[in-house]
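Encoded as structure tokens, the structure appears first; notes follow it.
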There are 2 protein chains.
Amino acid sequence: MSVARRQSKPVIPLRKAAQLRQASPPLIDLGVLNERLGYFVRRVQVWVFQHFIRRLSSIDVSPAQFSVLVVIAANTGLSQSQLAVTLGIERARLARLLHHLERRGLMQRLPSSADGRRHALRLTRDGRKLLARAKTLAAQHESALKEKFGSDRYRLLLEALREF
Amino acid sequence: MSVARRQSKPVIPLRKAAQLRQASPPLIDLGVLNERLGYFVRRVQVWVFQHFIRRLSSIDVSPAQFSVLVVIAANTGLSQSQLAVTLGIERARLARLLHHLERRGLMQRLPSSADGRRHALRLTRDGRKLLARAKTLAAQHESALKEKFGSDRYRLLLEALREF
DNA sequence: TATTGTTATACTCTATAACTATA
DNA sequence: TATAGTTATAGAGTATAACAATA
């Protein structure tokens, strides 16, 4: 993600935006959006991605890349199809994403012994090392999210959304 | 959105994907993602967009376009900057989005009487008519979302996420 | 100097089709 | 025939810079 490159400048002043939204003279009405769960899910998701990308900018790992590394590490030898279905990523997009991670030396595609069409995915030593660092940063990101919601609401949201 | 054009063919078999995820022989472990609110927010948001786009495909209105039409209708005469800040859309992107809506005859940019730099935004008669239709379809979409979560959890989620 | 709106660039992501090689 | 993986394309969205007009 291109944003991962900007590290020092806080370009998206979300708090300022929130202030303006409340302080600007003619208060803007969200209309029916105020009653739409879909709208607020989108707003929170945008914040999550932006915050995640900034938090992991030093190691240049996007949310999608992180999820791929985590699932490969937890299921060594799985195929691309399995990975794609699990994470809801298109096969075509996953192929390019993995190509990128492979070029960075973070994972390998080995021939599957059981099925000649498949690749067995696994992290390299470098991949495992980077993932360890990524997990630390991602945990910090998640803590920030928990703090924004409060522990009780955070737990409640996690359990409710996981059921989806 | 490109997906808005496909109306008949149910290309993304989310239910089948869910079945595969649970039924495929080697059960895939989400690892640490299972404890990440950010991950599940993303998954729900993807479903929301896909479902919204399909539901409104007959009138070719994307989630972003819908939110823009709703807020203009509820705040006739507001400026592009106000609209951009309110919805968290980049000014640059909003300019093109509005250009598109204007070409479709759904809204107008009038010169602002107060500030020569600003445009005062308003819907045309066609815009108001299309918005009425869009609101009906969007309400159906939201009902489906409510049904997926259950009324209690839906209400709970709406109030929690709105606080963000 | 700062703000409003615009155009442009580069990259990510999604949806889709078409292709190969294997099963 | 169906599946696994690949490449390519089109469109949407995001991040950013630079510009003209106006304040």
Side-chain angles (χ1 to χ4, degrees), chain A residues 1-13 20 24 42 45-47 49-50 52-54 57 60-65 67-68 78-85 87-100 102 109-121, chain B residues 1-14 16 20 24 42 45-47 49-50 52-54 57 60-65 67-68 78-85 87-100 102 109-121:
Chain A
M1 307 204 167
S2 57
V3 88
R5 210 163 301 126
R6 188 211 345 80
Q7 292 176 225
S8 53
K9 206 166 119 209
V11 165
I12 303 203
L20 284 172
S24 59
R42 171 63 175 168
Q45 188 268 314
V46 166
W47 184 92
F49 262 39
Q50 290 176 338
F52 186 100
I53 290 164
R54 278 162 186 66
S57 61
D60 193 26
V61 172
S62 73
Q65 290 169 339
S67 66
V68 162
L78 88 169
S79 71
Q80 294 185 198
S81 288
Q82 289 175 313
L83 181 56
V85 168
L87 291 175
I89 301 175
E90 286 290 323
R91 281 182 315 161
R93 161 144 176 69
L94 181 61
R96 280 169 305 177
L97 197 158
L98 292 177
H99 187 59
H100 186 61
E102 201 168 30
R109 292 185 246 212
L110 306 176
S112 168
S113 49
D115 188 332
R117 297 169 300 181
R118 296 191 170 202
H119 294 160
L121 307 178
Chain B
M1 303 201 166
S2 58
V3 88
R5 207 163 303 124
R6 189 208 346 79
Q7 292 177 227
S8 54
K9 207 168 118 206
V11 165
I12 302 204
L14 283 181
K16 187 172 180 195
L20 286 173
S24 60
R42 171 62 175 169
Q45 188 268 316
V46 167
W47 184 93
F49 262 40
Q50 289 176 339
F52 186 100
I53 290 164
R54 277 162 187 67
S57 62
D60 193 25
V61 172
S62 73
Q65 290 170 340
S67 66
V68 161
L78 88 168
S79 71
Q80 293 186 197
S81 288
Q82 288 176 311
L83 182 56
V85 168
L87 291 176
I89 301 175
E90 286 290 324
R91 281 183 313 162
R93 161 144 176 69
L94 182 60
R96 281 168 305 177
L97 197 158
L98 292 177
H99 186 59
H100 185 62
E102 200 168 30
R109 292 185 247 212
L110 307 176
S112 169
S113 49
D115 188 331
R117 297 169 299 183
R118 296 191 168 201
H119 293 160
L121 307 178

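Just so it is clear: chains get the letters A, B, ... in the order the sequence lines come, proteins before strands, and each one is counted from 1. The shown structure was predicted, so the numbers you read here are calculated from the model rather than taken from an experiment.
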What N/O pairs connect the protein and nucleotides 21-23 of chain D at under 3.5 Å? Give each pair on its own line.
{"residue": "dA23(D)", "atom": "OP1", "partner": "Gly116(B)", "partner atom": "N", "Å": "2.7"}

Review item, nucleotides 7-9 of chain C N/O atoms under 3.5 Å of protein N/O:
none

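Whole-Å rounding puts the Gln45(A) CD to dT14(D) C1' distance at 12 Å. The CZ-P distance, from Arg118(B) to dT3(C), rounds to 11 Å in whole Å. The distance between atom NE2 of His119(A) and atom P of dA21(C), rounded to the nearest whole Å, is 12 Å. Trp47(A) places its CH2 atom 23 Å from the P atom of dG13(D), with the value rounded to the nearest Å. Nucleotide dG13(D) holds its C1' atom 10 Å from the CG atom of Leu97(B), rounded to whole Å. Taking atom CG of Leu98(A) as the reference point, atom P of dG5(D) lies 9 Å away to the nearest angstrom. One can place CG of Leu94(B) at 9 Å from P of dG5(C), the figure rounded to the nearest angstrom. Atom CD of Glu90(A) and atom P of dT6(D) are 14 Å apart (whole Å).
Across all their heavy atoms, Leu121(B) and Arg109(B) have their closest contact at CD2-CG, 3.7 Å.
Residues that satisfy the side chain to side chain contact (heavy atoms under 4.5 Å, CB included) test with Ala84(A), not counting sequence neighbours, are Arg91(A), Leu94(A).
Remark: Gln65(A) is not in phosphate contact with dT12(C), judged by side-chain N or O atoms under 4.0 Å from OP1 or OP2. Put simply, Ser81(A) has a side-chain N or O that comes within less than 4.0 Å of OP1 or OP2 on dG5(D). At the phosphate of dT4(C), neither OP1 nor OP2 sits under 4.0 Å from any side-chain N or O atom of Gln82(B). Distances shorter than 4.0 Å separate none of the side-chain N or O atoms of Gln80(B) from OP1 or OP2 on dT3(C).
Mapping Ala120(A) and His100(B) onto DNA chain D via the closest heavy atom, the residue that lands nearer the 5' end is Ala120(A).
With rounding to the nearest 0.5 angstrom, the CZ atom of Arg96(B) is 11.5 Å from the CD1 atom of Ile89(B). The CD atom of Glu90(B) lies 13.0 Å from the CG atom of Leu97(B); values are rounded to the nearest 0.5 Å. If you take CG on Leu87(B) and CD on Gln82(B), they are separated by 11.5 Å, rounding to the nearest 0.5 Å. Rounding to the nearest 0.5 Å places CZ of Arg118(A) at 4.0 Å from OG of Ser79(A). Between atom CD of residue Gln45(A) and atom CZ of residue Phe49(B) there is a gap of 8.0 Å, rounded to the nearest 0.5 Å.
Side-chain contact check for His119(A) versus Leu110(A): every heavy-atom pair is 4.5 Å or farther apart.
Within 4.0 Å (heavy atoms only), Ser79(B) reaches sugar-phosphate atoms of the nucleic acid but no base atom.
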